[in-house]
Peer 1: 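Below is one structure. I have some questions about it.
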Amino acid sequence: MIGEIPKDYDAKSFEREIFEFWKKEKISEKARLKGNEKFYFLDGPPYVTNPIHVGTAWNKSLKDAYIRYFRMRGYQVRDQPGFDMHGLPIEVMVEKKLGIKTKKEIEALGIENFVNACKSFALDNLKVATSQFQNLGVWMDWENPYRTLDNSYIESVWWLIKRANERGLLEKGNKIVHWCPRCETVLAGYEATDEYREIEDDSIYVKFRLEGKEKEYIVIWTTTPWTLPANVAVMVNPDFMYAKVSVGDETYIVAEDRVGAVFGNEKYEVVERIPGSKLSGLKYIPPLLEEVPKQRELYPAHFVVLSDLYVSLEEGTGCVHTAPGHGEEDHEVGEIYGLPDFCPVDERGRFTADGGKYAGKDVRESNREIIEDLKRKGLLLKMERTRHRYPHCWRCKTPLILRLATQWFIKVTEIKERMLEENEKVDWVPEWAGKARFGNWIKNAKDWVISRQRYWGVPLPIWVCNKCGRYEVIGSFSELKEKAVDKIVEIDLHRPWVDYVKIRCICGHEMERVSDVADVWMDSGSASFASLYYPSESKEWEKWWPVDMILEGHDQTRGWFYTLMVCGIIAFDSVPYRRVLMHGFTIDQDGRAMHKSLGNVVYPEEVIDKYGRDTLRWYELGCTTWEDLKFTWKSVEETSRFMGILWSTYYFASLYMSLDKFSPERYSLGNVSGWLKDEDRWILSRLECLIKNVTSSMNGLRVFEAVRELEYFMKEELSRWYIKLIRKRTWTETEDPEKIAAYATLYEVLFNYLKMVAPIVPFVSEKIYQEMFRTRPDMPISVHMLEWPSFEEKWRDVKLEEDMQVVKEIVEASYSARQSARMKTRQPLRRLRVVSKDERVISAISRLKKIVLDQANVKEVEVISPEEEEKMKEIKLVANPSVIGPIFRGKTKSVAEIIGALNGKEVLRSLRDGKTVIFEVDGEKFELKKEYVTVQESVPESYKGAGCRFGTVYIDTTKDKELISEGLMRDVIRRIQEMRKRAALKVDAYIKVWIGVPSEEIKGLIMDKIKEISAEVRAKEMYVSIGGIEKGAYKDGWQIDGEEFFIGIEEDRSQ
RNA sequence: GGGCUCGUAGCUCAGCUUGGUAUGAGCACUCGACUGAUAAUCGAGUGGUCGAGGGUUCAAAUCCCUCCGGGCCCA
């Protein structure tokens, strides 16, 4: 038997109850074991520093919804969560906590103490994050997350690095890196790009004298004068045209297109045009040769090199100062030409002894001096102030410098082609995320610097011999144990403990670990196998790998999507995931990203507190996944109203079904199919269509489509139409087949609907399942253990759906017509006329006539043709004064009156037939000409019309005694029902009623209907009198059509 | 500066693949109705140069180009 759910949607209390139920019955553990075919969902590990906001909640809710969905589809889903627990951001947090700022202070404190502090910080935050995620109702394996700080995880990363080395992809080399001179550390690219700021700098045009020429120069432009001591070449674009420009007695080479910009204010002459390619090899004298003696030793250097990639015409001179020690592009071109990597700058951002005159000076502070020197030597062509974006240290806000440093890196450029090939196999949702965005990113992939001169991270498993310089990569703890000089038992693989381990080199000397740790992105990039404990165990890996689905925000294109791919290719020469769903960002109502510093962050707890978890989920999951979600409280409010409708719909059904002790086993849909009415078949047809569409949306990872479709169905089709249609059937007292059929239909629709919303709103669906649908102990213990509904097209009836649409719109048009007639729906009317010749309309109305009569509250409905409509219309002729005025002059007024009184229809017909129409004014006869009149068509006063897609709908508003009495009856019934409700009587309670009416006539009208009224309001006795009344426990006065009525009721307990 | 993406009613967004009058949806506002789901519900009205400009076409919100503004990523 169907159970009754509580009347009010009280998310707060039942969500807590459901949490307890899940916990007590270990539902999520049970669901985890369900299913056959493997489905490896891999959670992108969040970084554990801040409390989560609604954006993170969106991410996890999406994951949770798909995990639940694929389980209902019969998959065994691996749902292990992950946490990213290493890295500089945590170090910075801990530094702040400890009140220290520099590496020196960390070393003074002791690496051991510092690392321990980082570890406990990360573990504390993991706990906070876990409970926040659990609190959202996200079902993941919270007891067994993968954590990047675990020894086993570190081992997996070690194995990967070893693998890279074996494949020849690991290399130690000089790389241009972003360097903070104040913190004396390399910064990862992403740490730099997050802190680009606008600053103003001097930009200078510098003359490089050509070798062997006195007054001929090639001109470069730079905003970083301090890199000029490291100049080794000038880059030009082979595809550009260059010009020799003569100004005074000197000649300059610049790109032709830049001549105007450089020399615009001077008198100049272009004396020669030279293609860029012809400039190749042209030798020049470096401008600071005297100041930086080291320059003389550089070889090969100081000539023109070519690059079609890095020389543009946007700014400068088209000739680019090249310092391979201070620029990535410079370095790259330098390698092609075998140019020396000259970098006379130390870790503190000061010139080294190689910097000659500038040795010991801070580079940025040397700008001025260098400019002065150039000016003195006559090599400064001109100088401007330029605003440009420049990277800053995100910790101390110092402008960064680019500098050459020895780093370990992965030669990603060598596996780029493989990545592009493998990317073709991935199913990206949306498609452009992979084809366009990710594809472009891979094409521009650069070698990946994986070493960091820091403390809290996976230590690079590279040991270097302090004698012969040979290095070795260790792939596991057991390998390390084997090769260790001193016996080790169990150690934490973090710094500094791992630093103490020395291994023996084949040359006989000791090898020490390089002091670097790995870039954190390598941690998360290893997740596809590290989360499976591979390679120290291979059972899990064999079962689950590769990943069936990942799902993250669009910032992860350069992040996790990418590093997972790189690591997968290194490890297995294969992309590690099959499907990627990319989602947008959550932004505030002004379109700005949510940032703590902006104070615009919304936390999921705030939403949950006010509206509950399901409301938050329905809202977020209903937003287009890959677009940005503009979070507004108003939309949450709206969503919460929908949750109310959903709840009320189930409440309504559960109330009547349980009252009538409806048994879905006894009256299955199959058993009652012969009793089904048109509206039942219609909603069942709609349901099948819904199941089909929702299934396809979910399979395509478009949950937002599913949400929208489900919402539309619930509001427009189920709640506002079907339930309205069957309401009367649910009021009958007996075991009426019509009522049973409605219940069986409702049961089918609501139960299947419940299964479909379960992945999206897991709490309310569980609550309803437990209290309403789980009628037998052999039914699955949780809604989340049910199978996803299937669709067989058994009930699909497209014609019926079309017919219903026609009828629905016609009924709505009738309401519209009533409104213009000021005729309430409660008042029954004689007839409804629909003007149409459309076969669809005729057949729809004939099939669904009962629904039209019932919903439009009319006695008859007929479809009439447009010709019949014409007949129905009255035609009025109105004189056209501007025409008749000049003709009839003084008689105009009488003529107008006479024309107005003519029978319009007849006159028009005569005119159409070419007959002459004569009218008489003051005994004089005139012929009526067409232009004398304007034709006004109107329907009789008693008819009111309204248009809809399927034709005009007219209602006949004339009322006879019977209609008036019926209308009055409905009014009286409504008032009594209202009073029953105010008196909080049960819906099935019996009452006694006293009615005081204003007149004898009205008393008569009511007496005619007393039987019907009594039946509808469940009155055992009813008394009607004129005037006020004294009887009844509940009494009230009412106005009906402007007249005073008095009604008293009281419960009748006699039985 | 480059790549991707978004821009439609006061607000949040459908529609764009495949060109055909935006009867666009919900919310908000105004008016009205309904009432055995009831702090619910229904109907009607007001409200758009579909970011701007150009092109293709008989016809453009939709296809093409340029520009402007937001977001993410990169430099």
Side-chain angles (χ1 to χ4, degrees), chain A residues 7-9 189-190 192-194 196 310 312 314-315 328-329 388-389 391 430-441 443-444 446 553-559 562 582 584-587 589-593 619 622-624 626-632 634-639 641-642 644-645 647-656 659 704-705 708 711-712 715-716 719-721 723-724 727-728 730-731 809 811-820 822-827 855 857 946-949 970 973-978 980-982 985-989 1016-1018:
Chain A
K7 188 158 170 250
D8 295 317
Y9 177 68
Y190 64 90
T193 57
D194 289 350
Y196 268 78
Y310 303 128
S312 79
E314 308 278 330
E315 51 189 7
E328 213 176 327
E329 296 159 356
H388 61 151
R389 285 160 58 71
E431 203 184 68
W432 53 260
K435 295 276 174 293
R437 202 174 171 143
F438 194 60
N440 280 332
W441 173 249
K443 279 181 202 140
N444 294 322
K446 305 226 169 90
H554 51 202
D555 55 328
Q556 295 304 327
T557 310
R558 64 118 195 238
Y562 177 70
M582 191 184 84
F585 263 44
T586 306
I587 53 184
Q589 52 198 351
D590 303 319
R592 297 170 309 175
Y619 169 47
C623 295
T624 308
W626 45 81
E627 283 175 17
D628 287 344
L629 186 166
K630 197 182 272 191
F631 183 93
T632 58
K634 222 169 124 189
S635 314
V636 179
E637 171 78 34
E638 250 172 66
T639 309
R641 239 173 315 206
F642 169 71
I645 295 177
W647 182 266
S648 293
T649 304
Y650 279 93
Y651 169 68
F652 166 82
S654 78
L655 176 68
Y656 287 100
L659 208 62
F704 60 96
E705 257 178 34
R708 289 170 194 172
E711 188 165 326
Y712 179 84
K715 288 203 291 214
E716 302 294 330
S719 171
R720 292 175 193 166
W721 192 244
I723 296 222
K724 223 167 135 190
R727 205 179 275 173
K728 276 204 184 116
T730 65
W731 300 343
E809 288 187 31
V811 168
E812 278 162 10
S814 81
Y815 292 150
S816 172
R818 272 175 184 269
Q819 201 155 302
S820 55
R822 303 210 158 257
M823 190 64 69
K824 52 197 171 191
T825 324
R826 210 182 312 135
Q827 174 64 56
Q855 295 304 308
N857 198 15
C948 79
R949 276 199 304 173
R970 303 270 21 132
I973 289 172
R974 209 218 100 198
R975 264 73 179 189
I976 298 172
Q977 300 292 24
E978 177 68 26
R980 285 182 64 114
K981 195 158 308 155
R982 286 189 198 168
L985 297 183
K986 287 194 161 182
V987 287
D988 55 350
E1016 286 229 20
V1017 303
R1018 299 177 73 85

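A quick note: this is a predicted structure, and the numbers were derived from the prediction, not measured. Chain letters run A, B, ... following the sequence lines, proteins first, then strands; residues in each count from 1.
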Peer 1: Expressed in whole Å, how much space separates the C1' atoms belonging to B:U23 and B:G48?
Peer 2: 15 Å

Peer 1: Is it the case that more than 12 heavy atoms not belonging to A:Lys435 sit under 6.0 Å from its NZ atom?
Peer 2: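 Atom NZ in A:Lys435 is crowded, with more than 12 foreign heavy atoms closer than 6.0 Å.
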
Peer 1: What integer number of Å spans the P atoms of B:G24 and B:A44?
Peer 2: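 It works out to 10 Å between them.
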
Peer 1: So, using side chain to side chain contact (heavy atoms under 4.5 Å, CB included) as the criterion, who are the partners of A:Gln855 when residues are at least two apart?
Peer 2: A:Trp721, A:Lys724, A:Leu725, A:Val811, A:Tyr815, A:Ile851

Peer 1: For RNA chain B, what is the dot-bracket line, given that a base pair needs Watson-Crick (N1 to N3, plus N6-O4 or O6-N4) or G-U wobble (N1-O2 and O6-N3) geometry with both distances under 3.5 Å, and | means paired with another strand?
Peer 2: ((((((((.[[[[.)....(...]]]].(((((.......))))).....[[[[[..)....]]]]]))))))).

Peer 1: Closest nucleotide of RNA chain B for A:Gly644 versus for A:Lys446: which of these residues is on the 5' side?
Peer 2: A:Gly644

Peer 1: Could you state the atom-to-atom distance from CD of A:Glu711 to P of B:C27 in whole Å?
Peer 2: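 Between P of B:C27 and CD of A:Glu711: 10 Å.
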
Peer 1: In plain terms, say whether A:Glu1016 and A:Arg970 are close enough for a salt bridge, that is, a side-chain N and a carboxylate O under 4.0 Å apart.
Peer 2: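 Salt bridge: yes.
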
Peer 1: Between A:Tyr712 (OH) and B:A14 (C1'), how many Å, whole number?
Peer 2: 13 Å

Peer 1: The side chain of A:Ile723 is closest to which nucleotide in this list: B:G10, B:C72, B:A37?
Peer 2: B:A37

Peer 1: Counting distance only, does the side-chain N/O of A:Glu711 pair as donor-acceptor with the main-chain N or O of A:Thr639 below 3.5 Å?
Peer 2: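 No.
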
Peer 1: What is the distance, to the nearest angstrom, from the OH atom on A:Tyr619 to the P atom on B:C11?
Peer 2: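 Going from A:Tyr619 (OH) to B:C11 (P), I get 15 Å.
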
Peer 1: Verify, without hydrogens or angle tests, whether A:Asp628 (side chain) and A:Phe585 (backbone) share a donor-acceptor contact under 3.5 angstrom.
Peer 2: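 Judged by distance alone, yes, a pair lies under 3.5 Å.
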
Peer 1: Can you check the distance between B:A75 and B:C4, where both ends of the measurement are the C1' atom (answer in whole Å)?
Peer 2: 15 Å

Peer 1: With a 4.0 Å cut-off on heavy atoms, is A:Ser719 in touch with a base, just the backbone sugar-phosphate, or nothing at all?
Peer 2: base

Peer 1: Using side-chain hydrogen bond (donor to acceptor under 3.5 Å, both in side chains) as the criterion, list what pairs up with A:Arg975, not counting sequence neighbours.
Peer 2: A:Asp971

Peer 1: Anything under 3.5 Å between a protein N or O and an N or O of nucleotides 4-7 of chain B, put it in a table, one pair a line.
Peer 2:
{"from": "B:C4", "atom 1": "O2", "to": "A:Arg437", "atom 2": "NH1", "distance (Å)": "3.4"}

Peer 1: Calculate the interatomic distance between A:Phe642 atom CZ and B:C27 atom P; express it in whole Å.
Peer 2: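 After rounding, the gap between these two atoms is 13 Å.
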
Peer 1: C1' atom, B:G20 versus B:C65: distance in rounded Å?
Peer 2: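 These two C1' atoms come out 24 Å apart once rounded.
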
Peer 1: Have a look at A:Lys7 and say if it touches a base, only the backbone sugar-phosphate, or nothing, with a 4.0 Å heavy-atom cut-off.
Peer 2: sugar-phosphate

Peer 1: Could you tell me the separation between the CG atom of A:Asp8 and the P atom of B:U38, rounded to a whole number of Å?
Peer 2: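 Rounded to the whole Å, the gap is 7 Å.
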
Peer 1: Could you tell me how far apart A:Met582 (CE) and B:C72 (C1') are, to the nearest whole angstrom?
Peer 2: 8 Å

Peer 1: Measure from CZ on A:Arg641 to C1' on B:G26 and round the result to the nearest Å.
Peer 2: 10 Å

Peer 1: CZ/A:Phe438 to CD/A:Gln556 distance, rounded to the nearest 0.5 angstrom?
Peer 2: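 Rounded to the nearest 0.5 Å, the CZ-CD separation comes out at 11.0 Å.
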
Peer 1: Which value, rounded to the nearest 0.5 Å, describes the distance between A:His554 atom NE2 and A:Trp626 atom CH2?
Peer 2: 13.5 Å

Peer 1: Can any side-chain N or O of A:Arg708 pair as donor or acceptor with the backbone N or O of A:Gly622 at less than 3.5 Å?
Peer 2: yes

Peer 1: Ring pair (Phe, Tyr, Trp, His ring centres under 6.0 Å) with A:Tyr619: which of A:Phe704, A:Phe642, A:Phe631?
Peer 2: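 Per the ring pair (Phe, Tyr, Trp, His ring centres under 6.0 Å) rule, the option paired with A:Tyr619 is A:Phe631, out of A:Phe704, A:Phe642, A:Phe631.
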
Peer 1: Counting side-chain heavy atoms from C-beta on, which of B:A28, B:U38, B:G26 comes nearest to A:Glu638?
Peer 2: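 Nearest nucleotide to the side chain: B:G26.
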
Peer 1: For B:A25 versus B:G47, give the span between their C1' atoms, rounded off to a whole number of Å.
Peer 2: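 Nearest-Å result for B:A25 against B:G47 at atom C1': 14 Å.
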
Peer 1: Which heavy atom of A:Trp441 sits nearest a heavy atom of A:Thr557, and at what distance?
Peer 2: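 Closest approach of A:Trp441 to A:Thr557, heavy atoms only: CD1-O, 3.6 Å.
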
Peer 1: Just the atom pairs and distances: protein N or O near nucleotides 30-36 of chain B's N or O, under 3.5 Å.
Peer 2:
{"from": "B:A33", "atom 1": "O2'", "to": "A:Thr825", "atom 2": "OG1", "distance (Å)": "3.4"}
{"from": "B:C34", "atom 1": "OP1", "to": "A:Arg826", "atom 2": "NH2", "distance (Å)": "3.0"}
{"from": "B:C34", "atom 1": "OP2", "to": "A:Arg826", "atom 2": "NH2", "distance (Å)": "3.1"}
{"from": "B:U35", "atom 1": "OP1", "to": "A:Arg826", "atom 2": "NE", "distance (Å)": "3.4"}
{"from": "B:U35", "atom 1": "OP2", "to": "A:Arg826", "atom 2": "NE", "distance (Å)": "2.5"}
{"from": "B:U35", "atom 1": "OP2", "to": "A:Arg826", "atom 2": "NH2", "distance (Å)": "2.9"}
{"from": "B:G36", "atom 1": "O2'", "to": "A:Tyr656", "atom 2": "OH", "distance (Å)": "2.1"}
{"from": "B:G36", "atom 1": "N7", "to": "A:Gln977", "atom 2": "NE2", "distance (Å)": "3.3"}
{"from": "B:G36", "atom 1": "O6", "to": "A:Glu1016", "atom 2": "O", "distance (Å)": "2.7"}
{"from": "B:G36", "atom 1": "N2", "to": "A:Val987", "atom 2": "O", "distance (Å)": "2.3"}

Peer 1: Can you tell me how far C1' of B:U41 sits from CD of A:Glu716, to the nearest Å?
Peer 2: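 These atoms are roughly 12 Å apart.
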
Peer 1: Mind checking the OG1-CG spacing from A:Thr730 to A:Leu655? Nearest 0.5 Å is all I need.
Peer 2: 9.0 Å

Peer 1: Under 4.0 Å: is that the gap between some side-chain N or O of A:Thr624 and OP1 or OP2 of B:A14?
Peer 2: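 Yes, because at least one side-chain N or O of A:Thr624 sits under 4.0 Å from OP1 or OP2 of B:A14.
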
Peer 1: Pick the P atom in B:A22 and in B:U62, then give their distance to the nearest Å.
Peer 2: 12 Å

Peer 1: Taking only the side-chain heavy atoms of A:Arg708 (C-beta and beyond), determine which of B:C73, B:A14, B:A37 contains the nearest atom.
Peer 2: B:A14

Peer 1: Given B:C27, B:G43, B:C13, which nucleotide is nearest the side-chain atoms of A:Lys630?
Peer 2: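 Shortest atom-to-atom distance from the side chain points to B:C13.
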
Peer 1: If the condition is ring pair (Phe, Tyr, Trp, His ring centres under 6.0 Å), which residues does A:Tyr651 pass it with, not counting sequence neighbours?
Peer 2: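 Scan of A:Tyr651 (ring pair (Phe, Tyr, Trp, His ring centres under 6.0 Å), adjacent residues dropped) gives none.
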
Peer 1: Please figure out whether A:Asp628 or A:Thr649 has its closest RNA chain B nucleotide nearer the 5' end.
Peer 2: A:Thr649

Peer 1: Tell me what A:Trp441 touches on the nucleic acid: a base, only sugar-phosphate, or nothing, going by heavy atoms under 4.0 Å.
Peer 2: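 Result for A:Trp441 = sugar-phosphate.
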
Peer 1: What interatomic distance, in whole Å, is found between C1' of B:A37 and the corresponding atom of B:G45?
Peer 2: 28 Å

Peer 1: Say you draw a straight line from CZ of A:Arg974 to CD of A:Gln977; how long is it, rounded to the nearest 0.5 Å?
Peer 2: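 With rounding to 0.5 Å, CZ (A:Arg974) is 10.5 Å from CD (A:Gln977).
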
Peer 1: If I pick the C1' atom on B:A60 and the same atom on B:U49, what distance separates them, to the nearest angstrom?
Peer 2: 14 Å

